[in-house]
Amino acid sequence: MSSKTLKLYHTSSAVIESPDVNYGRRNADFGGGFYTSDSAEFSRKWASERKAVVNRYTLDLTGLNVRRFERDSEWFDYIFKNRAGYADAFADADVIIGPIANDTIYDTFGIITSGLLGGADALRLLEVGKEYTQINIKSEKAAAQLKWEGGQTLGAEEIAASRSEVRAEEAEFREAFLNALKGLDCYAEIMDIIS
C-alpha cells in the first residue's frame, strides 16, 4: 500500500459497493459523509446482533484535500461545533482523518455534552480510553476514488465474539471514565444528576 492509498473498512448490515456521502448525518463528529476505519478489527466493533458485512475499500488520496486531526483542542472544537449544527468549518475537505470521540463508541450518560463541563474538562474526558481512528469520506470526488475490494459476512459466532469484546472494553472504559470524572471540580454535581 503506497502512502497515497489507504485500506479502509466499514461494517454494515449489507454490502456497500458505492457509498453515498450525502446519506450520513450532518451533525456527526466530522460532519456528513461516509465513515470508515483503517482497522478491520475496530470496524467489527460496529457489527450488529443480526447480520454484519465488513466492507473493504482502497482509497486513492491523489489530488484530494485531506484534513488530519489529533486528540487536541482543535479536534474537540470541530466535533462539538458539528454536533451543535454549526456550519462545517472543513466542508471543503474531501477526506477527514482523526480520532473517534469515545462518547461515540461508549455511553457516557450525556455528561460530556451536558453543558456542565468547560471545554478543558470535556476534552479530558474525551481523551479517556483507547484511541481509534475514523476516516470520513466527505466529497463525491473522494467517493469516486474509493474502490470497493469486497465484503466479508460475519457469522453469528464472530458477531457474538465482537459484541463480547465491546462489552469488556466498555466495562474497562467506564472504570477509567469514572476515575477521570472524580478528578473534576463538578464531580458531585454530575453524580447528583445521573444518580
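Residue E131 qualifies as enclosed at atom CD: its count of foreign heavy atoms under 6.0 Å is above 12. Residue D185 qualifies as open at atom CG: its count of foreign heavy atoms under 6.0 Å is 12 or below. For K45, the NZ atom sits in a packed shell: over 12 heavy atoms of surrounding residues, nucleotides or ligands are nearer than 6.0 Å. Atom NZ of K141 has more than 12 neighbouring heavy atoms from other residues, nucleotides or ligands inside a 6.0 Å radius.
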| task | Give the intermediate values and the outcome of side-chain contact (heavy atoms from CB on, under 4.5 Å) for residues L154 and R44. | result | CA-CA 9 Å; L154 301 179; R44 287 172 177 251; 3.3 Å; yes
| said: One pair to check against side-chain contact (heavy atoms from CB on, under 4.5 Å): L126 and F76. What are the steps and the verdict? | reply: CA-CA 8 Å; L126 283 177; F76 170 83; 3.7 Å; yes
| request: May I have the step-by-step check of side-chain contact (heavy atoms from CB on, under 4.5 Å) for R124 and D121, ending in yes or no? | output: CA-CA 5 Å; R124 190 172 309 132; D121 286 341; 2.9 Å; yes
| field | Test log, rule side-chain contact (heavy atoms from CB on, under 4.5 Å), inputs D38 and Y9 | value | CA-CA 6 Å; D38 58 357; Y9 305 89; 5.8 Å; no
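A donor-acceptor pair under 3.5 Å is absent between the side-chain atoms of T11 and the main chain of W46, judged by distance alone. Without hydrogens or angle criteria, N179 side chain to E175 main chain gives a donor-acceptor distance under 3.5 Å.
When all heavy atoms of I159 and A52 are compared, the closest pair comes out as CD1-N, 3.8 Å.
Here F90 and F69 bring their ring centres to under 6.0 angstrom of each other. Aromatic rings of H10 and Y57 (six-membered ring for Trp) have centroids beyond the 6.0 Å cut-off, not under it.
Side-chain contact check for L59 versus I137: some heavy-atom pair is nearer than 4.5 Å. Side-chain atoms of L184 and L125, non-hydrogen and from C-beta on, do get closer than 4.5 Å to each other.
Under 3.5 Å, the side chains of E140 and N22 contain a donor-acceptor pair of N or O atoms. No hydrogens or angles considered: nothing links the side chains of S43 and S37 as a donor-acceptor pair under 3.5 Å. A donor-acceptor contact closer than 3.5 angstrom is absent between the side chains of D29 and Y78.
Of the listed residues (E41, E165, E169), just one forms a salt bridge (charged side-chain N to carboxylate O under 4.0 Å, His left out) with K130, and that residue is E169.
Cation-pi check for R83 over F80 is met; the charged atom lies under 6.0 angstrom from the ring centroid and within 45 degrees of its normal.
A salt bridge is absent between R67 and D92; no separation between the charged side-chain nitrogens and carboxylate oxygens falls under 4.0 Å.
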